[in-house]
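Please read the structure below before turning to the comments.
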Amino acid sequence: MDKRTAAKTAAELREKLNKWADEYYTHDAPSVEDSVYDAAYRQLTEIENEYPEVITSDSPTQQVGDNTLPGFTKVVHEIPMLSLGDVFSKDELSGFINRLAETDSVPFEYNCELKIDGLAISLRYENGIFVQGSTRGNGQIGEDITENLKTIKSIPQKLNKPVTIEVRGECYMPKKSFVDLNDARQRDGQTPFANPRNAAAGSLRQLDPKETAKRKLSTFMYNVADYDDLETNTQSGLLEELKALGFETNPGYQVANNFDDVSSYIDKYQEKRDSLAYGIDGIVIKVNDLNLHRTLGATVKVPRWAIAFKFPPEEAETIVTDIEWTVGRTGVVTPTAVMNPVILAGTTVSRASLHNPDYLEEKDIRIGDTVKLHKAGDIIPEISNYVESKRLQDSEKYLIPTKCPSCGSELVHLDDEVALRCINPMCPAQLTEGLTHFASRNAMNIDGLGPKIIGQLFSKKLLTDVSGLYELNFEDLLTLDKFGEKSATNLLESINNSRQNSLERLLFGLGIRHVGAKAARLIAQKFKNIDEIIKADAETIAQIDTMGMIIADSVVTYFSMPESISLIEKLKSVGVNMDYLGVSEEELESEDSFFSGKKVVLTGKLETMTRGDASSWLTNHGAKVTSSVSKNTDLVIVGTDPGSKYDKAVKLDIPVWEESRFSDEMNQES
Ligand code: IVH
């Protein structure tokens with residue numbers, strides 16, 4: 001490449017990279033994969049190395065990527081917050097290590113750490129008290145997010161010693177919270193976050209700390225601004241010292257004495273990656289001797305004593321055979337790509353959400369296309385793009401449906417939202433979804449009333465709304481497929497028992513937008529009776545701790561609709577309890593658990609706990625532990641030598657977790 005072309009290409013790359021960095025860091029909404037950014041960044045570095053005269057001060061190679069958003073007070077980092085250099089293969093890593101060894105008598109002791117997929121934060125403590133927390137920003141100036149950080153449980157308000165110290169680390173969103181948050185966003189017609197890192201960043205940069213509090217963020221701290229604040233002189237010792245002060249540190253670190261140790265550490269975590277409860281996008285290798293950190297120093301952007309080994313993205317190709325549309329409880333119609341099954345990062349994938357019509361149009365996915373798949377945040381299968389060279393000659397643009405796949409009514413976009421909705425209140429798919437939610441475990445807890453039975457009740461016109469459930473009789477139920485006297489009696493009994501539920505179950509079961517089980521409980525606790533809730537204004541509801549105006553407005557809007565009031569009247573007339581009766585500790589504990597309501601089978605020998613311990617922990621967290629695997633099993637946890645239950649789970653396509661994944665989840669929850 002001649003110098004002119006180099007200058008031109010570098011300028012183009014700078015522009016692209018700066019745009020992508022702005023999308024990623026400032027707006028938490030990347031438009032390209034990390035690997036695409038990394039490749040362009042690398043190309044720019046190569047050009048700049050060959051022609052240093054083309055380097056400009058706005059080149060991303062000269063700056064730390066993040067920026068700051070208006071609305072937050074700025075914080076000047078007295079000691080800059082640096083980024084990390086990247087390598088993408090073991091060859092490149094050994095190059096880095098050899099270069100370090102040449103610089104001086106560097107002893108071969110490295111601390112290997114997990115590279116947590118979150119965002120960097122800095123926490124300042126004076127005499128052991130948390131006084132200020134900030135984002136990295138551009139490395140020199142960040143955003144003051146103290147109040148938001150105070151809502152995160154793993155950040156101590158007071159340290160175990162009255163020290164004055166500035167500690168740095170990563171704030172992240174656990175995978176489970178990421179999946180839950182995206183599910184909720186999708187239900188509400190909002191675009192899901194691309195990965196846990198963007199979700200964490202978006203959650204930390206909420207102007208209202210109450211919003212941050214809802215997002216279940218966590219932290220791992222791994223550094224201090226100034227090593228003079230420490231007693232230890234190694235990076236591994238620093239992690240222990242931070243832990244002793246009361247910070248959460250990642251337990252997965254390991255000191256390596258040679259390149260082979262570093263290499264096996266990388267292999268170990270590349271394999272374990274999917275089973276961790278949080279996302280990692282690589283490994284960070286740091287010189288263990290802190291005195292050498294001072295000697296080696298840093299460039300404007302990255303330290304010379306550490307490097308990040310980035311995991312290669314896992315991708316797979318397959319063919320889209322269909323695009324299915326499903327109608328949710330709130331009428332949002334969502335497209336899903338159905339594909340030939342393919343193995344991706346260890347699991348078989350045959351479906352991927354296409355989120356909403358805009359997304360589908362933008363990606364221009366068509367039936368018959370070969371597509372590249374990856375896992376967003378290591379968990380959710382997502383289509384990256386179609387493969388142009390493999391598009392069929394007679395391929396036709398996919399037409400977004402205009403009619404509801406369930407009831408045939410015209411679909412609409414409300415208030416310019418991207419989501420497509422069916423607004424027919426009598427749409428069978430919506431009613432079925434709504435009733436399934438009403439009957440679900442955290443709502444009215446009607447055992448034995450699943451979507452299949454509900455679908456039949458609607459199609460046989462035995463029901464028109466949830467109140468009709470309480471008017472069903474024995475003969476009605478006998479008309480259902482495979483229903484005998486015993487199943488009819490049992491279901492009638494479950495329905496009948498649910499009349500006595502405490503108010504919060506009904507309130508959650510009504511499916512009011514934004515009102516989850518916890519919000520429903522807090523509202524019921526405060527107002528005690530449905531009529532008091534109906535009368536309440538949004539300001540009074542919003543006074544409840546952690547509630548906020550979004551939930552409050554939604555409750556008021558719901559009860560301002562005559563249909564809602566008439567439904568409540570009908571439910572009253574069929575004897576459904578409308579009073580708050582108090583919640584037992586047990587219910588409180590099981591409510592939020594991932595395992596709540598799930599049927600779990602344990603098999604094989606567990607290493608770190610007995611089967612009995614695992615079983616009682618699961619039961620305490622709301623799971624039902626059963627001994628055999630069937631199509632109703634939600635999860636199989638396997639130890640060593642699992643035997644036929646494991647084979648059956650794989651055959652029935654039931655999620656299988658190894659013990660490590662289970663203990664990670666246990667740690668998250670207990
Ligand atoms: S050390 C000067 N250690 O990765 C210290 N960073 O891509 C530099 N990260 O900016 C950071 N896990 O936000 C370090 N164990 C770890 C990390 C880690 C995640 C992040 C951090 C950094 C980014 C660079």
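Because only heavy atoms are used, hydrogens play no part in the values below, and waters and symmetry mates are left out as well, while side chains stay in. Order of listing sets the numbers, starting from 1, for every ligand and every atom in it. Bear in mind the structure is a predicted one, so any value in this text is a computation, not a measurement.
- Taking 4.0 Å as the cut-off, Ala306 does not count as a neighbour of ligand 1 on heavy-atom distance.
- In this structure, atom 12 (N) of ligand 1 lies nearest to the protein heavy atom Ile116 N, 3.0 Å.
- The aromatic rings of Tyr278 and Phe220 lie perpendicular to each other, with more than 60° between the two planes, well past the 30° mark.
- Contact of the Val636 side chain with the Pro655 side chain is not registered, since no non-hydrogen atoms from C-beta on lie closer than 4.5 Å.
- The nearest protein atom to atom 23 (C) of ligand 1, hydrogens excluded, is given as Lys115 NZ, 3.8 Å; this is a heavy-atom distance.
- To the nearest 0.5 Å, atom CG of residue Leu159 and atom CG of residue Leu245 are 5.5 Å apart.
- With values rounded to the nearest 0.5 angstrom, Thr61 atom OG1 is found 8.5 Å from Arg14 atom CZ.
- Here is the list of ligand 1 atoms found below 4.0 Å of a heavy atom in Ala120: 13 (O).
- The shortest N/O to N/O separation between Leu114 and ligand 1 falls below 3.5 Å.
- Applying the 4.0 Å criterion to heavy atoms of Pro303 picks out, from ligand 1, the atoms 2 (C).
- The shortest contact between atom 14 (C) of ligand 1 and any protein heavy atom is with Tyr222 CE1, 3.3 Å.
- Here the side chain of His293 pairs a donor or acceptor atom with the backbone of Val287 at under 3.5 angstrom.
- Near Glu113, with a cut-off below 4.0 Å to any heavy atom, the atoms of ligand 1 are 3 (N), 15 (N), 16 (C).
- Residue contacts with ligand 1, taken as heavy atom pairs separated by less than 4.0 Å, involve Leu84 via backbone and side-chain atoms alike.
- Listed for the Ser59 side chain is no donor-acceptor partner under 3.5 Å among the backbone atoms of Thr56.
- For atom 1 (S) of ligand 1, the nearest non-hydrogen atom from the set Lys286, His293, Arg168, Lys310 comes from Lys286.
- When atom types are taken as modelled, the side chain of Glu240 and the backbone of Ser236 share no donor-acceptor pair closer than 3.5 angstrom.
- Looking at Asn291, its side chain never comes within 3.5 Å of a backbone N or O of Asn233 through a donor-acceptor pair.
- In this structure, the protein non-hydrogen atom closest to atom 5 (C) of ligand 1 is Asn223 ND2, 3.5 Å.
- Taking the ring centre of Phe193 as origin, the terminal cationic atom of Arg185 falls inside the region bounded by 6.0 Å and 45° from the ring axis.
- Remark: ligand 1 and Arg136 share an N or O pair separated by less than 3.5 Å (distance only, no angle test).
- Looking only at heavy atoms of the protein, atom 13 (O) of ligand 1 is closest to Glu170 OE1, 2.8 Å.
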